[in-house]
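One structure is given below, encoded as structure tokens.
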Amino acid sequence: MQIEQVVLDFIEMPLKSPFETSFGVDTNKTCWVLSLSSGGVTGYAETVADVEPLYSEETHASVYYAIKNHILPRLAGTPLEYPHAVHDLLLPIRGNRMAKAAVEMAVWDWWGRATHQPLWKLLGGDADKREIPVGVSIGIQSDPEALIAIAEEYLRQGYRRLKVKIKPGNDLLPLRALRQALGPEVPMMADANSAYRLDRDVGRLRQLDELGLMMIEQPLDEDDYVDHAVLARALKTPVCLDESIRSADDARRAIGLKAAGVINIKVGRVGGLTAAKAVHDIAREAKIPVWCGGMLETGIGRAFNLHLTTLPNFSLPGDTSASDRYFEQDLIAKPFRLNANGTLTVPQGDGIGVVPDPQRLQQVTTYHEEWNLLHHVSKGGIPDVAGLGF
Ligand code: OSB
Ligand code: MG
């Protein structure tokens, strides 16, 4: 295949309610939707960077710049023999994993559609995993009562586990109250998004250890396996790494140092599906369970997550909740609904099995740009375009 056209649509969709983490509050979902065409077939993907470099270094602007100036020039005029070829072609580009992931994911989706295979099959997933047990991520709340009410509502809907965002000062009190309200059996975990320091907070984290959490996610700095390994030894609760794992090599190192007892895999964070599968395989070999993280994706990103989760070592419920967790109206025509047994169904059909609803896409798009790779792109970059508004 040779990519003929690439379209980037910048979209803005309101969230049903603000989502607060230890690094900030989101009220809108914003991302690039990428449509990549060849031979009359189009593949889709979305980016997971944000307005500001808080979760990772990447931003909407950096993703745009990397795709336009570094990724597309390498793809223009280059025939691809297999979706893995994109991964190999983009290897020399350092960092910019979210940008690379979006392009690589759209190629995988294109491949599935062009060869009439679902993505899970292309990835080597398990045919029996048609319904994926899922959990839900709950943002930081103003008080424990609000947290309990939201958690009870999600359990009523059927979610299989609760993840609660924490930060120093908003952790012990709400989690204790939640455990007390829900009882000892409800699968619960906490995500700190790097808000703690080993020297300052080990006492506080030891107190969290008494709450029977499934795991604590990314308590310490993203680039620190050493302190995570020390902390993991000090706690009964398994330490799960998110931000720290950016590649299969990262996974190997973190596991080797015993810094991670569980790994959260996000396709965007590790640079694509090829890398996500490699992280999965390394963890599987080391008997470290993995689960699929989320980035408040639209239905497009959710579909990728569900296909990926059919791989065998995704043995814990992830963060891929139903569309109505975040959106009144999704980008796809038929939103993901939670089955009564707390699962989401892997979409059938070619590729990821869903497409953006054309009308909805137009409605939420605030900027549009397209490139014809057969004519306009040459190595060395595409001329800059002003007026992006970043
Ligand atoms: O750390 O997992 C995280 C959202 C944005 C950035 C980072 C994270 C998250 C979530 C939400 O926890 C997961 C989701 O519901 O998509
Ligand atoms: Mg996380």
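As the structure lists them, so they are numbered: ligands from 1, and atoms in each ligand from 1. Residues: numbered from 1 along the sequence shown.
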(request) Answer with yes or no whether the side chains of Asp209 and Thr237 bring together a donor and an acceptor at under 3.5 Å. (result) yes

(message) Under 3.5 Å, is there a donor on one side chain and an acceptor on the other for His60 and Thr30?
(response) yes

(message) Only to 10 degrees, please: what angle do the OD2 atom of Asp242 and the OD2 atom of Asp191 make about the Mg ion (ligand 2)?
(response) 180°

Sub-3.5 Å pairs, protein N or O with ligand 1 N or O:
from     : atom 1 : to     : atom 2 : distance (Å)
ligand 1 : 1 (O)  : Lys165 : NZ     : 2.9
ligand 1 : 1 (O)  : Asp191 : OD2    : 2.9
ligand 1 : 1 (O)  : Asn193 : ND2    : 2.7
ligand 1 : 1 (O)  : Asp242 : OD2    : 3.1
ligand 1 : 2 (O)  : Lys163 : NZ     : 3.0
ligand 1 : 2 (O)  : Asp191 : OD2    : 3.4
ligand 1 : 2 (O)  : Asp242 : OD2    : 3.3
ligand 1 : 2 (O)  : Lys266 : NZ     : 2.9
ligand 1 : 12 (O) : Ser137 : OG     : 3.0
ligand 1 : 12 (O) : Lys163 : NZ     : 3.2
ligand 1 : 12 (O) : Lys165 : NZ     : 2.9
ligand 1 : 15 (O) : Tyr326 : OH     : 2.6
ligand 1 : 16 (O) : Met295 : N      : 3.2
ligand 1 : 16 (O) : Leu296 : N      : 2.8

(request) Could you note down all residue pairs passing salt bridge (Lys or Arg N to Asp or Glu O under 4.0 Å) where residues 5-21 supplies at least one of them, sequence neighbours left out? (result) Glu20-Lys167

(message) For a quick test of reading the model, state the closest non-hydrogen atom pair linking Ala251 to Val279 and the distance between them.
(response) CB-CG1, 4.0 Å

(request) Have a look at Glu217 and say which of its N, O or S atoms is nearest the Mg ion (ligand 2). (result) OE2

(request) Report yes if the distance between the aromatic ring centroids of Phe10 and His368 is under 6.0 Å, otherwise no. (result) no

(request) Measure from the ring center of His116 to the ring center of Trp111 and say whether it is less than 6.0 Å. (result) no

(message) Below 30° counts as parallel, above 60° as perpendicular, anything between as tilted: where do the rings of Tyr367 and Tyr64 land?
(response) perpendicular

